[in-house]
Enquirer: 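The structure that follows is given in the form of structure tokens.
Everything quoted here is computed from the prediction, not taken from an experiment. Below, chain A is the first sequence line, B the second, and so on; all start at residue 1.
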2 protein chains.
Amino acid sequence: MAEIQRLSLNQATTHNWSVKEAVEGCARHGIPSISLWRHKIAEAGLDECVRLVREAGLHVSSVCRGGMFPGVTAEDRQKNIEENFHAIDEAAALEADSLVMVVGAVAKIPIANARQMVMDGLKAIVPYAKQKGVRLGLEPLHPMYAGDRAVLNTAAQALEWASAYTPDEVGVVLDAFHIWWDPEIFHVIPRCAGRIYGFHVCDWLVPMPDMLLGRGMMGDGVIDNRALRLAVEKAGYTGPIEVEIFNQKLWDMPGDEVLDLMIQRFTALV
Amino acid sequence: MAEIQRLSLNQATTHNWSVKEAVEGCARHGIPSISLWRHKIAEAGLDECVRLVREAGLHVSSVCRGGMFPGVTAEDRQKNIEENFHAIDEAAALEADSLVMVVGAVAKIPIANARQMVMDGLKAIVPYAKQKGVRLGLEPLHPMYAGDRAVLNTAAQALEWASAYTPDEVGVVLDAFHIWWDPEIFHVIPRCAGRIYGFHVCDWLVPMPDMLLGRGMMGDGVIDNRALRLAVEKAGYTGPIEVEIFNQKLWDMPGDEVLDLMIQRFTALV
């Protein structure tokens, strides 16, 4: 059984809460870690976010998100790279375990080209991230997002890209929603040893109510989150486990009820 | 450029047409091959379907579909296997290039167990298929269907499962919609040489209007169908190329207009 000491609230799960509300929610419910999203950080102000998490004694498991490298023009791509520098600054200020990289995808750009743009973009930001002490966590996204969100779609591909750098520079972030279907996943996770920067849980609902906002609370779908947790632990990852759920019904619930349910499901099923 | 001699109408593309209408449509438009679905065969009667395709001089590229092996009880699974015997009989009578296997998935059954059930089911039907001269084509489905349609989700996995049998018994059916995102696909296709029983094209729309009925006509989305065609040809596959599109808007169009558009896009883009 996963202990609450491992739990991290990914702020996406309580979409309607500000950083302040999410931090206070974690404190009320005894959740020791949090993951912050950049648009929420922007709303609250970075300094205020740093103050809030420090005063609450919260650990920041990640900042979401860097990446989004592909762009039609060289100018677009340069702009995307500069945006990553800001993301790195925020992750550094918050002392996050890693900056989660959702690498991006643009429908107009052939997938092979987009993948090259991601590798180029990564190369352009690794030195700055290293200088700031920020680890970049490549998150493979489910293949159903390959056309418009991320051209990085399997754990093996993430590991391959990460392996161009040292295990302290670039690693992988494994989210059960994105990887549960992969016939190779239990072979790939052990190979990720030393590079696992984060692990996220949630569930895959059947039927899927919405491709983007249809993730489920653990136990409401078909994912064996525990098997995945045991695999990443066997590979040496003992850090925070984020619960990251994009789901309209959960977003419509009072945040404290979501946290109660999340803790119950996390300790029973993860 | 793909020539119309390679084109096969997968009957799913003209969902509202009976077998008779689809056969006559192919004849009118100079399409030499067709793929029939079992529920449409059942409506028309197998003998009548055999007569229709023979009189029209049509080649049957495949029968859709066998598979659907996982079941909660042993009785369910046995029933599923028996259903496959009927599917094999139909593919034999129609002299189809292969029986397409959509292997199945059941939300209640953990994915690892379901995968074992598929391998067991396949083992149970290969001898009968061989006896009837029917080749079984394993079709990997997009990972977004792993929870409720098919636990076979990559070309590499399909090849691995097929490799338990001879290249005349079990092969793979590669559908661009299901495999286009796969970072390994251009490495896996050459390894499939000698076992490619079919190749399907369509497109992946961005945004995806519907997870099931949101496939697009070639050219309306992000898939490079030509690159995939060239890869399967280089691997030795020179058989029919099916156009299989589940799309409500196309289904609402008159069938002849769909066929005109399909031929135009096929010859220009595949």
Enquirer: Just jot down the side chain to side chain contact (heavy atoms under 4.5 Å, CB included) partners of B/A107, sequence neighbours excluded, or say none.
Expert: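 For B/A107 the side chain to side chain contact (heavy atoms under 4.5 Å, CB included) partners, ignoring immediate neighbours, are A/V206, A/V222.
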Enquirer: Name the member of B/A156, B/A227, B/P183, B/A146 that forms the most heavy-atom pairs with chain A at distances under 4.5 Å.
Expert: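 That would be B/P183.
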Enquirer: How about the chain B/chain A donor-acceptor pairs under 3.5 Å, what are they, with distances?
Expert:
unit_1	atom_1	unit_2	atom_2	d
B/R115	NH2	A/W181	O	2.6
B/W181	O	A/R115	NH2	2.6

Enquirer: Just give me the residue among B/G221, B/P143, B/P207 that pairs up with chain A most often, heavy atom to heavy atom, under 4.5 Å.
Expert: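 Maximum pair count with chain A is reached by B/P143.
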Enquirer: Give, for atom CE of A/M208 and atom CE of B/M144, the distance between the pair rounded to the nearest 0.5 Å.
Expert: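 Separation between the atoms: 10.0 Å.
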Enquirer: Counting only heavy atoms closer than 4.5 Å, note whether A/P110 contacts chain B via side chain, backbone, both or neither.
Expert: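 Nothing of A/P110, per the 4.5 Å heavy-atom cut-off to chain B.
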